[in-house]
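Notes to accompany the following structure.
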Amino acid sequence: MPTCRRKRVVLTEPSQSLLLAAQSDPTRHVFYLEQTGEIFETYEAYAARMSFYRLKQFQCEVTGKSGLDYFQAVESERQEARTLHSRFSEPLKPAVLKAVQWQVMGRLDHLVEAVYERFKDRYFPGERVLIDLSGVKYYARVEKVYPPKYNADAKARDAHMDAPSSSTIDDEPPHVIGGDLKVPAKDAYAKDDPTLYYYWVHLTDLERDKSHEKGKGSVKISDQDKRLVGSLIEVQCSMMSRDRLSFSKSILRRFIRDCVDRDAAVASPWTVKPPIAKRYGVDSVMPEETRQGVENIKKGEIDKRKKIWEDKEGPPTKKQKKMTAAQEEKARALAVAAEKREREAREKAEKQRLAKEEAERIAAEKKKKKPVRYPTEDLDVRIGDKEKKAGMRVTRPLANKLSLPFNDIPGAFESFLMAWNFLVVYGQPLHLSVFSLDELEHALRHSVADQPCSLLAEIHSTLIYNLRTVAFVRHSALLSLLKRKEDLEAAGKQEVPVLGLTIDELVAAMADVGNNWERVPLRYAEVRDGWEEALVGCLKDHANTTNFPRIQEILTKLLFAPADTSSESGAPTPNDITHLKNIAHPSDTYYNLPAEDRIAILSFMCNLAVSSKAIHAHMESCEEQLTALRKEKIEVNRQKKQYQEEMGVLLDETKEEESLTPNGNGDDIAMPESSELSDSEGGSESTSAAGKKSTRQKDLRLKAHTIAHSKEREAARAKQASQKQAIAEHRRLDEEVNKLERRLEGIEREFRKLLGAVRVKPLGRDRFYNRIWWFDGMGSASLVGSGGIALYGTGRLFIQGPSEFDLQQLEKKALEDNEDIDQRRREEEGEEGMLKSSDWAAYTELEEIEAFVSWLNPKGHRELALKTLLTKWWVHITAGMRKRTADLNSNAKLPDARRSARKSALGYDLSRDPYMLWTNRRAINSS
């Protein structure tokens with residue numbers, strides 16, 4: 001049973017009034033907690049109990065895991081119990097449970113120790129054991145057990161060889177005396193010695209090779225050893241053992257604790273739980289003799305404790321004699337003095353109690369004012385005057401909403417960004433080259449049918465090829481539209497024409513368009529001719545009114561054109577389409593579609609393509625490459641650490657040699673003068689003998705000093721050469737470290753690319769849970785091009801409002817702190833900077849990002865992590881923004897030049913725009 005603060009959780013019993021109501025009013029409504037079976041009269045009691053169970057303060061009694069709620073702890077105990085009972089030897093369970101029944105032992109550990117010592121060498125029929133035959137171990141099953149009385153009679157044992165298996169020779173079970181814990185261990189071994197038992201075992205298999213385990217060598221197994229498998233042999237307990245996973249002190253302790261229970265009273269016996277006792281045939285009724293013994297033990301324990309208590313209280317006072325008048329007066333005086341002393345003691349104790357309470361109150365106030373350890377919860381961090389004086393920004397720089405394409409249409413920008421990210425990330429399996437977000441924006445705004453956009457053709461063609469591998473329902477859109485019409489007729493409602501056309505007219509027009517879309521070739525060499533009609537066929541078979549609610553409106557725009565398309569006014573703009581009449585080819589009508597409709601088509605196709613086999617295979621490949629990169633990163637870091645340690649050792653050795661050489665390189669050692677080599681008595685050379693002796697000594701000294709000087713010069717030269725070698729080695733190691741650091745940077749970029757193909761996560765969140773996104777360098781896109789030039793996909797830093805869950809967390813935190821969170825957001829984000837969960841904005845200028853980073857407070861957990869990641873990728877983020885700014889400045893045109901056919905007629909060459917110059921270098925020529 002789970003525990004809470006080291007106490008078992010007791011289930012709530014129904015109240016007495018509820019039990020009476022069950023008899024008088026059986027239909028009364030109550031609140032039932034299904035997981036525990038508890039019944040409550042009121043919802044408040046039910047909710048309070050459920051809230052208690054949901055607290056993360058329960059502990060699994062079996063595994064000791066803490067920090068769980070009640071239901072997790074119950075499930076953990078059940079799982080452990082299932083595992084335990086499957087591992088523990090089934091034939092051993094009844095014997096162990098019968099041994100522990102009615103045992104009086106204070107600690108469970110003592111009971112486990114006693115059971116283990118009794119049963120470690122005793123085996124039962126049907127048990128799975130290990131048999132050691134001259135070092136070769138076999139798995140075996142015990143077939144027959146021979147008691148000690150057959151120890152010396154081998155013929156009697158052989159006579160019962162053909163008896164039914166899994167039995168003993170006698171009718172009574174084996175080890176009855178030895179397994180009885182009421183019998184002292186010494187007597188049990190004397191009367192029922194386990195070493196005198198014989199066992200017939202059936203060898204089932206060789207034990208698996210454990211030579212790979214630490215400290216275990218391999219045993220050579222011969223063919224004769226293998227032939228023993230399947231045979232029946234006779235063994236004793238010295239050759240037998242159990243698997244440690246099925247029988248050990250820890251396993252035994254968990255099994256006994258799971259199966260037995262004990263009352264809280266003094267000297268209460270351990271009892272097997274009734275359901276378990278019934279299953280394994282353990283007697284649940286305590287025998288009278290056992291009951292009497294338990295009562296005697298309990299009485300003795302109570303008397304022992306009573307005696308200890310009386311000894312603490314002291315001996316009883318003797319009967320006092322009758323006092324005289326003087327003695328009574330003296331006793332009264334002593335009583336008054338004692339009462340006075342007692343009153344003073346009470347007053348002193350009261351003063352001490354008040355002083356203690358005051359000290360505790362002051363300590364509690366000091367504890368509340370204790371400095372906060374940073375980093376902490378971001379909302380608990382406030383910008384103080386010190387930070388303001390240091391230049392920290394109070395208000396977050398305003399992110400630009402208007403610069404985001406299609407952001408004026410609810411949900412359009414998010415779908416547009418999702419579609420671009422999918423196409424770029426999975427460019428490799430889709431056979432699609434990388435393109436920027438700006439290029440896709442301009443392509444979706446392209447409305448000149450005379451100058452087809454290759455980017456649009458390639459995107460839709462690759463998605464169509466991919467969706468051919470995804471299961472679809474033929475004429476799915478047509479069937480769903482007809483069902484919508486039937487539902488309207490059944491409800492008695494009038495059909496509202498879409499753009500002036502009914503469902504019947506649309507169905508008639510779409511019946512013969514795009515029926516061969518899954519087989520028609522869309523060749524790159526032919527500029528993907530026919531992709532618009534194949535797109536209509538793909539939508540017809542994959543879309544319906546449930547997964548694509550706007551399918552009727554979009555198909556109508558793709559299959560019909562306005563009545564006045566041939567007039568002199570020219571082709572209508574996408575936003576002018578309000579009424580359609582004439583059937584047209586999709587290749588002519590696609591460029592009349594508004595940008596939001598094109599985004600809706602792309603978003604729908606990308607959502608379907610995620611489930612294709614090519615995308616799934618690419619994801620699995622990325623997972624494998626991520627694993628390889630993690631291993632390589634560990635190896636590179638290990639090598640880098642090794643080089644740095646070697647550089648440190650070389651540096652220390654160089655410093656030691658320099659400190660031991662005070663004269664530098666040793667070239668300037670002074671030679672002693674000849675006068676210094678002579679004796680102090682230079683004037684006593686009157687005799688020739690003395691002169692010759694002095695000259696010879698002088699020569700010897702000069703020679704000795706010359707030899708010493710040459711040795712010192714050689715040592716200095718050797719030391720200098722060693723230092724030069726050490727410096728060269730240090731320089732080489734430094735170059736190796738630089739190479740490894742460059743490789744680590746490359747690994748980080750590769751890791752970002754591969755991780756982006758598996759899951760896309762924001763860089764982090766700020767204090768108000770706004771999500772910060774940076775999409776560059778993911779999937780098939782790179783951050784650095786050939787020659788080290790900067791590349792970009794978006795060239796911006798996006799900010800998305802907090803999710804609904806995060807907004808609830810903000811409100812919860814505000815209630816706990818009694819704070820107006822909206823007022824704080826207005827102060828620190830600005831009135832226009834407050835984003836809702838579906839709102840997006842972006843930082844497009846380098847100064848804006850620098851201001852945003854300076855606004856982040858590293859004292860909070862979220863903003864510290866966000867600032868760390870921004871710092872890590874700062875070089876690439878800023879390089880991409882500069883590159884995008886430069887590209888925009890070099891390609892600056894009139895606002896509507898790239899989308900207007902009239903401008904093209906006046907001489908502006910639309911085909912020179914970057915999005916029109918894009919080519920698909922990954923296209924397969926055959927497709």
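Hydrogens, waters and symmetry mates play no part in the numbers below; they use all other heavy atoms, side chains included. Quick caveat, the model's predicted, so the values are computed rather than measured.
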**OP:** List the steps, then state whether side-chain contact (heavy atoms from CB on, under 4.5 Å) holds for Leu432 with Tyr426.
**Re:** CA-CA 8 Å; Leu432 198 63; Tyr426 298 109; over 6 Å; no

Donor-acceptor under 3.5 Å ([X] side chain, [Y] main chain):
{"X": "Arg922", "Y": "His431", "result": "no"}
{"X": "Arg771", "Y": "Gly801", "result": "yes"}
{"X": "Arg862", "Y": "Asp766", "result": "yes"}
{"X": "Arg396", "Y": "Gly833", "result": "yes"}
{"X": "Asp839", "Y": "Lys836", "result": "yes"}
{"X": "Glu848", "Y": "Thr844", "result": "yes"}
{"X": "Gln552", "Y": "Leu481", "result": "no"}
{"X": "Arg528", "Y": "Leu522", "result": "yes"}
{"X": "Ser480", "Y": "Ser476", "result": "yes"}
{"X": "Glu505", "Y": "Thr502", "result": "yes"}

Would you say [atom1] of [X] has more than 12 non-hydrogen atoms from neighbouring residues, nucleotides or ligands within 6.0 angstrom?
{"X": "Gln494", "atom1": "CD", "value": "no"}
{"X": "Asp512", "atom1": "CG", "value": "no"}
{"X": "Glu819", "atom1": "CD", "value": "yes"}
{"X": "Arg474", "atom1": "CZ", "value": "yes"}
{"X": "Lys56", "atom1": "NZ", "value": "yes"}
{"X": "Asp450", "atom1": "CG", "value": "no"}

Original post:
When you look at Lys483 and Asp487, which way does the salt bridge (Lys or Arg N to Asp or Glu O under 4.0 Å) test go after all the steps?
Top reply: CA-CA 6 Å; Lys483 186 176 185 305; Asp487 293 341; 3.3 Å; yes

Distance, nearest 0.5 Å, that separates [atom1] of [X] from [atom2] of [Y]:
{"X": "Trp531", "Y": "Thr462", "atom1": "CH2", "atom2": "OG1", "result": "11.0 Å"}
{"X": "His460", "Y": "Arg598", "atom1": "NE2", "atom2": "CZ", "result": "8.5 Å"}
{"X": "His475", "Y": "Asn544", "atom1": "NE2", "atom2": "CG", "result": "14.5 Å"}
{"X": "Arg484", "Y": "Leu479", "atom1": "CZ", "atom2": "CG", "result": "13.5 Å"}
{"X": "Leu810", "Y": "Arg767", "atom1": "CG", "atom2": "CZ", "result": "12.0 Å"}
{"X": "Leu467", "Y": "Asp541", "atom1": "CG", "atom2": "CG", "result": "11.0 Å"}

Subject >> Thr589 vs His585, side-chain contact (heavy atoms from CB on, under 4.5 Å): CA-CA, chis, key distance, verdict >> reply: CA-CA 7 Å; Thr589 57; His585 196 271; over 6 Å; no

Original post:
Residues two or more places apart in sequence or in another chain: which of them pass salt bridge (Lys or Arg N to Asp or Glu O under 4.0 Å) with Asp776?
Top reply: none

For [X] and [Y], test the side chains for any donor-to-acceptor distance below 3.5 angstrom and give the result as yes or no.
{"X": "Gln428", "Y": "Ser780", "value": "no"}
{"X": "Asp806", "Y": "Ser803", "value": "yes"}
{"X": "Lys540", "Y": "Asn515", "value": "yes"}
{"X": "Asp438", "Y": "Tyr915", "value": "no"}
{"X": "Asp25", "Y": "Thr27", "value": "yes"}
{"X": "Glu829", "Y": "Asn770", "value": "yes"}

Original post:
Can you check salt bridge (Lys or Arg N to Asp or Glu O under 4.0 Å) on Lys485 and Asp504, steps first, answer last?
Top reply: CA-CA 9 Å; Lys485 180 184 176 183; Asp504 289 335; 2.3 Å; yes

**OP:** Could you check Ser454, Ser433, Ser461 and say which one makes a side chain to side chain donor-acceptor pair (under 3.5 Å) with Asn920?
**Re:** Ser433

Is there a side-chain contact between [X] and [Y] (heavy atoms, below 4.5 Å)?
{"X": "Val470", "Y": "Ser611", "answer": "yes"}
{"X": "Leu835", "Y": "Lys401", "answer": "yes"}
{"X": "Arg54", "Y": "Met50", "answer": "yes"}
{"X": "Phe775", "Y": "Leu437", "answer": "no"}
{"X": "Pro452", "Y": "Tyr591", "answer": "yes"}
{"X": "Pro586", "Y": "Val513", "answer": "yes"}
{"X": "Arg824", "Y": "Asp820", "answer": "no"}
{"X": "Glu38", "Y": "Tyr32", "answer": "no"}

Original post:
Regarding Arg796 and the six-membered ring of Tyr843, is the cationic atom NZ or CZ under 6.0 Å from the ring centre and inside 45° of its axis?
Top reply: no

Original post:
Within 45° of the six-membered ring axis of Phe52 and under 6.0 Å from that ring's centre, is NZ or CZ of Arg49 located there?
Top reply: no

Subject >> Plane angle bin for Phe435 and Trp918 - parallel if under 30°, tilted between 30 and 60°, otherwise perpendicular >> reply: perpendicular

**OP:** Decide, yes or no, whether a salt bridge links Asp597 with Lys557 under the criterion of side-chain N to carboxylate O below 4.0 Å.
**Re:** yes

**OP:** Enumerate the residue pairs fulfilling ring-ring contact (aromatic ring centres under 6.0 Å, His included) with a member in residues 478-518, sequence neighbours excluded, ordered by first and then second residue.
**Re:** Phe472-Trp517, Trp517-His542

Original post:
Under the side-chain contact (heavy atoms from CB on, under 4.5 Å) criterion, do Trp773 and Thr794 qualify, and how do the steps go?
Top reply: CA-CA 11 Å; Trp773 295 88; Thr794 61; over 6 Å; no

**OP:** For residues Pro405 and Phe416, report the shortest heavy-atom separation together with the two atoms involved.
**Re:** CG-CE2, 3.5 Å

Original post:
At their closest point, which heavy atom of Arg752 faces which heavy atom of Gly777, and how far apart are they?
Top reply: CG-O, 3.6 Å

**OP:** Using the side-chain contact (heavy atoms from CB on, under 4.5 Å) rule, take Val760 and Met778 through it: C-alpha gap first, then chi angles, then the decisive distance, then the call.
**Re:** CA-CA 9 Å; Val760 180; Met778 289 185 176; 4.1 Å; yes

Original post:
Please walk me through it: do Asp887 and Tyr792 pass side-chain hydrogen bond (donor to acceptor under 3.5 Å, both in side chains)?
Top reply: CA-CA 11 Å; Asp887 290 348; Tyr792 70 93; 3.0 Å; yes

Original post:
Is it true that Phe548 and Phe604 have ring centroids separated by less than 6.0 Å?
Top reply: yes

**OP:** Take Phe31 and Tyr43 through the ring-ring contact (aromatic ring centres under 6.0 Å, His included) test and state the conclusion after the steps.
**Re:** CA-CA 6 Å; Phe31 296 90; Tyr43 177 75; 5.7 Å; yes

